[in-house]
Structure formats: C-alpha cells, structure tokens
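Only one structure is covered here, and it is reproduced in the block below.
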Amino acid sequence: MFRPARIPRLSQALVSRVSRVSHARGVAGTTPQLPQHALGSLPTSTSPITSKLHFFNSVMSGEKKIPTYRVIDGAGQPIEGAEVPEIDKALALKMYEHMVLLPIMDETLYNLQRQGRISFYITSFGEEAAVIGSGAALAPDDEVLAQYRESGALLFRGFTLDDIMNQCFGTYLDSSGKGKQMPAHYGSKKLHWHTISSPLATQIPQAAGVGYAIKRDPNRRGKNCAVVYFGEGAASEGDFHAGLALASTIPTPTLFIARNNGFAISTPSTEQFYGDGIASRGPGYGVHTIRVDGNDVLAVFAAVKEARRRCIDEGRAVLVETMTYRVGHHSTSDDSFAYRPRKEVEDRKRLDNPIVRFRLFLESRGWWSKEEETALVKRLRDEVNAAYKRAEKLPKPPVEEMFSEVYGGEMPWNLKEQREELKGLIKKYGQTWEPWKSELKKHKGEGKEFLE
Ligand SMILES: Cc1ncc(C[n+]2csc(CCOP(=O)(O)OP(=O)(O)O)c2C)c(N)n1
C-alpha cells in the first residue's frame, strides 16, 4: 500500500542527521568548499570523491573497450608497431606441428564416432592457435586444469596419440581413468594435467586452490603456477566468480585462460553476457587482464608467457581472454547448422585460419616449405591411423575395475557386497545369456576374475 506521509518524515530525519555530521566535520555551512582533489576518499575505499553524476558501463558508447592484442596479420606479417615475441625455429616448428596434428587427430576421432566405433568426441577446430599457443607458453610442470577442448596443449606436453586413443576407446591401457569416463576426458599425473570432468567451471575454484598449494610449497613457490582453461559459456557459472574472487583476495599464482569462441553449444556469446566479454570482469576482481587475438598463435604465446611471468613474480591471479571462433560442431552430439548458417562457418575457416596464418609467418622466415608440409601431413596421418588401430584392438579394462577407486582407502562393506552380487550374476548368466556373453568378451580377462 502506498503511504506518502512516511517519505517526507524519513527524509527530514536524514537531512537533519547529515547536516549535524557535516557541521561537526566543518565542511558545510559557511566553511569554504575544499578543492576537488582534496576531497579524498571514503575510509573503506580508495575511490576518489567526485561531484560528477556519472554512471559507468563498459558497453556504453564512449566508454573504452578492452583492446585485442595481435602480432601478425592474416598474411603472417607483423602488424604495425607489433613486437614479434622471441621464438626460436625449433619451438616455432614444434608449435606448428602440433597445430597441424590437432585437426588431423580430431577429424579421425570425429569420423570414428560417426561410425559408432567410439561413443563421443569433441574437436578443437578453429582453436588450434589459442590452445597450442597458450600451452607452449607454460612450463611443463605448471598444474593445468582444463575444460575439454584443450587436448592440443596436452599433446604439446607429451601426451601420446596412444594415450589419447586408449582414453577415447576406453581400453585397459587408459591411463586417464581406466575406461570410466567419456571420451576426451583426459588426465595425466605425470604431465601435471588434472583429469577433466564434465560439470562446467568446477575446475575454476579448484585451480585457485591448486594455486594456493603451489604458493605454500617452498619447492614450487615462485617457480610454477596453476592454469585453468574454460569457455566463455562456463564463465557464466557461479564457480567462475568463486574462483576469481578466491585467487584475488587470497593472492595465488593462478592463470585463468578463457577461450571465447563465440558459442556455448547453440548459445551465441551475445546471449551469454551483455558486458565487454570475459576480460572486462578481471579488473572488477583486481586481476591483471589481457584480451588477445586467439587466431594469432604468436600473440597468444606472447600474452600467456607474460601473464605467467606476472602470475609467478607477483604471486597474483592473471586473466587472459583468447578470442576465437568455434569452427566445428560443439560435439558429436550437436549439428551446429541448426543454429548458425553454414556459410558463416565456411567464411570463418577461409578468412581467418590460425594454421595458415602461422604457416605464412614460418615461410616468410624461411623456416618452412611446401615439401615439408606435404611430408608432415602424411607422417601425422599415418601416426594417427596407426594409433587408433592399436587401441581399437585392445580389450576394455577388467570388469572388476568398475568397483575400484570409488574410495581412496579400503573398499567399504557395501561396495564389496555389490561386487559379490555381480560375481553371482556373472557366474549364473555370464556364459549363457547372449548379451552378457558378448559384452564380457570385450573386457580384459573376460570377467573371469570374478569366477576364480
Ligand atoms: C554445469 C554444467 N551445465 C551444463 C553442461 C552442458 N554443457 C556442456 S558443454 C556446454 C557449453 C559450454 O560452452 P563454453 O564454456 O563456451 O565452451 P565451448 O564448448 O564453447 O568450448 C554445456 C552447456 C555441463 N556440462 N555442465
């Protein structure tokens, strides 16, 4: 109900209180107005006092947008004023090889899924520079917590094609998770790559915790950082905010790498946020921030290298937003032409291809030739094909493995009970019921470990 009488009464009380306080401080009434710069700030903030009634909004015209850092243009030539990062031939070629390998591997695994030979796959098409340029700028023992579209950086660290294939086919040699997770959920303790999980953004606050552990470890403080990758869609999760707030208030060497590829499945980034991308959120948390052209591998490399240096030297969080375009479908469960025109995708592939851009740079330095390109593509295709054929022949893990590692210590009684129940069922039906008979054959030991 509207009660107009209350408003004047309240206002009156406020006015008299304000004037009492002002008189006591000697700034009102007959006291001359202090010059603006001497007005200072409030005790709980360092914000200067202003007499201007002005609202800030990073998307308003006239306000500054965060620029996008770029080093080379579409022809692989340095843009005006750009400083090409120091990079020797061996490193440049290693980066390029991985940029060529990634889509070859992706195409093969994508097709294997289409043929029903693996259950799921997710490609990195179009994001080769963002993923490999950033991965190459890290130390091999920085702790990485990834989303799922960063396998290029893992390959760069030394994850082999066999490791990839064994995970995707869920063979008994799957070192990531013994066949327990969906394809593309890689992990490697040896390579400091924390195992990927499906729930988006959960790795972001975890990374702040990993950064904290590094800071507390005298052997790693000042030497390593925690690195977390996530998409612009995942950055809408509450966990993004928890992670940034944590890493900035309890300062930790945590490097946040946002891959802004324009889409979160069918949701375009224009429907994901209204502000100036992900980068604009960094300064809000007091975090050093840079936005970079994610199709320019040299810009990504230089930005992440410097971000990492600041992160470690200052022991504080840094945010890098790489701007790319997801050229592939979201995953094998998605047909992206249902929500974006095929022509838009074809145009992007043709007009701004990160691999071609870097190849032109290498050629301009005399580091690469057409013959080398042909030989490389052939070798990588052969290696990928050989690796998937090896994995496809291997049995799946022993059936018993499904009960392992639910708990870190001893297996609890109720899990043992379930294990015994399955054992009984396999004894009874394993060799008589056709669907079980054929399924058990796929596993190492064919379920016989249950019968002994
Ligand atoms: C908490 C949670 N919500 C929803 C999903 C379903 N999901 C999987 S991927 C995805 C889109 C993520 O987009 P983005 O973070 O931009 O990364 P991109 O796939 O573009 O690389 C969604 C909604 C999920 N896995 N976890």
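All heavy atoms count here, side chains included; hydrogens, waters and symmetry mates do not. As the structure lists them, so they are numbered: ligands from 1, and atoms in each ligand from 1.
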**Message:** Whether the N166 and T171 side chains hold a donor-acceptor pair (N or O, under 3.5 Å, no angle test) is what I'd like checked.
**Reply:** yes
**Message:** Heavy-atom contact check, 4.0 Å cutoff: does F230 meet ligand 1?
**Reply:** no
**Request:** Run down the list T267, L200, D239 and name the one with the heavy atom closest to atom 22 (C) of ligand 1.
**Result:** L200
**Asked** Should Y229 and S134 count as side-chain neighbours, where that means a heavy-atom distance under 4.5 Å?
**Response** yes
**Item:** cation_pi(R390, F169) dist<6.0 Å, angle<=45
**Value:** no
**Prompt:** If you measure from CD1 on I355 to CD on E128, what distance do you get to the nearest 0.5 Å?
**Reply:** 4.0 Å
**Request:** Please could you name the atoms of ligand 1 that R259 approaches to less than 4.0 Å, counting only its heavy atoms?
**Result:** 21 (O)
**Prompt:** Does the ring center of H329 lie less than 6.0 Å from the ring center of F337?
**Reply:** yes
**Prompt:** Should the pair H241 and Y285 be assigned to parallel (<30°), tilted (30 to 60°) or perpendicular (>60°) ring geometry?
**Reply:** tilted
**Sub-4.0 Å heavy-atom contact, E237 with ligand 1** = yes
**Request:** Report yes if some N/O of E127 lies less than 3.5 Å from some N/O of ligand 1; otherwise report no.
**Result:** no
**Prompt:** Are W368 and Y96 close enough that their ring centers fall under 6.0 Å?
**Reply:** yes
**Prompt:** What protein heavy atom sits nearest atom 15 (O) of ligand 1, and how far away is it?
**Reply:** A234 N, 2.8 Å
**Asked** If you measure every N/O of F263 against every N/O of ligand 1, is any gap under 3.5 Å?
**Response** yes
**Asked** Hey, does L255 have a side-chain heavy atom less than 4.5 Å from the side chain of V304?
**Response** yes
**Request:** Could you check which of S197, S333, A264 puts a non-hydrogen atom nearest to atom 13 (O) of ligand 1?
**Result:** A264
**Subset of ligand 1 atoms that lie under 4.0 Å from at least one heavy atom of G231** = 14 (P), 15 (O), 16 (O), 17 (O)
**Request:** Starting from atom 12 (C) of ligand 1, locate the nearest protein heavy atom and write down its residue, its atom name and how far away it is, to 0.1 Å.
**Result:** Y148 OH, 3.3 Å
**Asked** Nearest protein heavy atom to atom 21 (O) of ligand 1, by residue and atom, and its distance?
**Response** R149 NE, 2.8 Å
**Message:** Any non-hydrogen side-chain atom of R342 less than 4.5 Å from a side-chain atom of V345?
**Reply:** no
**Asked** Is there a heavy atom of Q147 sitting under 4.0 angstrom from any atom of ligand 1?
**Response** yes
**Complete:** Under 4.0 Å from one or more heavy atoms of G233, ligand 1 contributes atoms 14 (P), 15 (O), 16 (O)
**Prompt:** Who's the nearest protein heavy-atom neighbour of atom 25 (N) of ligand 1, and how far?
**Reply:** S198 O, 3.1 Å
**Asked** How close does the nearest protein non-hydrogen atom get to atom 11 (C) of ligand 1, and which residue and atom is it?
**Response** I265 CG1, 3.6 Å
**Ligand-side contact atoms (ligand 1) for residue partner N261, heavy atom cut-off under 4.0 Å** = 18 (P), 20 (O), 21 (O)
**Message:** Does the plane of the ring in F263 sit parallel, tilted or perpendicular to the ring in Y339? Use 30° and 60° as the thresholds.
**Reply:** tilted
**Prompt:** Under 3.5 Å, N or O to N or O, is R326 touching ligand 1 that way?
**Reply:** no
**Fill in**
Under 4.0 Å from one or more heavy atoms of P199, ligand 1 contributes atoms 26 (N)
**Message:** Would you say CZ of R350 has more than 12 non-hydrogen atoms from neighbouring residues, nucleotides or ligands within 6.0 angstrom?
**Reply:** yes
